[in-house]
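Within every chain, numbering begins at 1; the chains are lettered A, B, ... in the order of the sequence lines, protein sequences first and strands thereafter. Being a predicted model, the structure only gives us computed values, none of them experimental.
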Protein chains: 2
Amino acid sequence: MVFSSSLLENAVNEFAKLPGIGKKTALRLVLHLIKQDANEVTYFSDTIAKMREEIKFCSRCHNISDTQLCNICSNPSRKQELICVVENIRDVIAIESTQQFNGLYHVLGGIISPLDGIGPEQLNLDSLIHRISKENTTEIIFALNPNIQGDTTVYYISKKLKGIPVKITTIARGIAFGGELEYADEMTLAKSISNRIPVEHYINDNN
Amino acid sequence: MVFSSSLLENAVNEFAKLPGIGKKTALRLVLHLIKQDANEVTYFSDTIAKMREEIKFCSRCHNISDTQLCNICSNPSRKQELICVVENIRDVIAIESTQQFNGLYHVLGGIISPLDGIGPEQLNLDSLIHRISKENTTEIIFALNPNIQGDTTVYYISKKLKGIPVKITTIARGIAFGGELEYADEMTLAKSISNRIPVEHYINDNN
């Protein structure tokens, strides 16, 4: 692309550095901003800059936070003895959006994946073990992605927790709501059969 | 989406205002920026803010510009008597990227489209007529999109220019390079036959 304005070119190049944004999309975004009110664009850029400067990670659960302790950890109405272990912040947002979980989180910041060179020492694991032994935790729920890396991580952490009197569970695997049996992979279908639940339980869940 | 951080939420909302960016994409972009160096994010936001504050439109051709006169208009090596009329800035960038055109531009800022409520008075038309009568223009090339709106605009402006001694042309319509005859629409195929060119001309063009 040949630009006749370096202001335009620089802005397009900055947007094109973002993941999944090519030059053409970047140009479309910048031309959109040019059409907006100058105050709105100032607000856009200020919001981004402020976010990056002021954002923190919760000292307890490693979730993204405006303050030293995130507002999930500092909410006294949440069950302090229940910890949901997730891979990243996106998973916290996904689970929070269901509005069905009322415990705390622990963000690992990754998942054990030897092929990608990520071992247990890269994860927020020590702080998890420290929390559990200090916070009267009664249950740990693993909400990791259902793949080899997720299962390896669950296995590794469970072994680490041996001896600590805490219940360890993982979220249910099964046929997704609205999914079709015949298109489910064999593994999922097999797990959904072996982990079958009583019908009265199922009916209560859906009402 | 439920966020535990208002800094994060505000930043996601700002990105999600951009065209074609949904909440999930916005979140992905913001989480990417959080992982970047703080200085890089400051540079990103400063570049966008500076662009919006300082960008100008060329007083002669209405192209986007860093200065009062854009660097195409102020380049003395470009043919000042040749004006290519385009709909918008994106078209200038597309034509400049071919590096085949050495004249000036005139950005209409839209196209006549009664259905969208855009009439000739919304376009940069007066300044075009003013330029032509003042600048010793010898040729106007219309490079508008090949549709009813484009053709209407060409027709309208051509009528306006009646009496002014200037050659009026439009870019060639035809089968696109690499395109296949059997998939071309009838209109394009018909035009490419009626506007056929001598073979010696064609061979020279491709060498």
For the interface with chain A, which of [options] has the highest count of heavy-atom pairs at distances below 4.5 Å?
options	answer
B:Lys17, B:Gln36, B:Lys24	B:Gln36
B:Ala11, B:Ser4, B:Ala49	B:Ser4
B:Gln99, B:Glu14, B:Arg52, B:Arg90	B:Arg52
B:Cys58, B:Ser65, B:Gly20, B:Ser6	B:Ser6
B:Leu8, B:Leu27, B:Ile34	B:Ile34

Take atom [atom1] in [X]; do more than 12 heavy atoms of anything else shown fall under 6.0 Å from it?
X	atom1	value
B:Glu186	CD	no
A:Lys160	NZ	no
A:Asn102	CG	yes
B:Ile148	CD1	no
A:Asp185	CG	yes

- Message: Heavy-atom pairs under 4.5 Å with chain B - which of A:Asn13, A:Thr42, A:Ile21, A:Leu29 has more of them than the others?
- Response: A:Leu29
Which region of [X], side chain (C-beta onward) or backbone (N, CA, C, O), has a non-hydrogen atom less than 4.5 Å from a non-hydrogen atom of chain B, or is it both or neither?
X	answer
A:Asn63	side chain
A:Ile55	both
A:Phe57	side chain

- Of the backbone (N, CA, C, O) and the side chain (C-beta and beyond), which part of B:Ile89 lies under 4.5 Å from a heavy atom of chain A, both, or neither? side chain
- Which portion of B:Ile64 sits near chain A, non-hydrogen atoms under 4.5 angstrom: both
- Message: Does either side chain, that of B:Asn10 or that of A:Thr47, offer a donor lying less than 3.5 Å from an acceptor on the other one?
- Response: no
- Message: Could you measure the distance from the CD1 atom of A:Ile164 to the OG1 atom of A:Thr137? Nearest 0.5 Å is fine.
- Response: 9.0 Å
- Test log, rule salt bridge (Lys or Arg N to Asp or Glu O under 4.0 Å), inputs B:Glu135 and B:Arg60: CA-CA 11 Å; B:Glu135 287 181 19; B:Arg60 192 177 178 192; 3.0 Å; yes
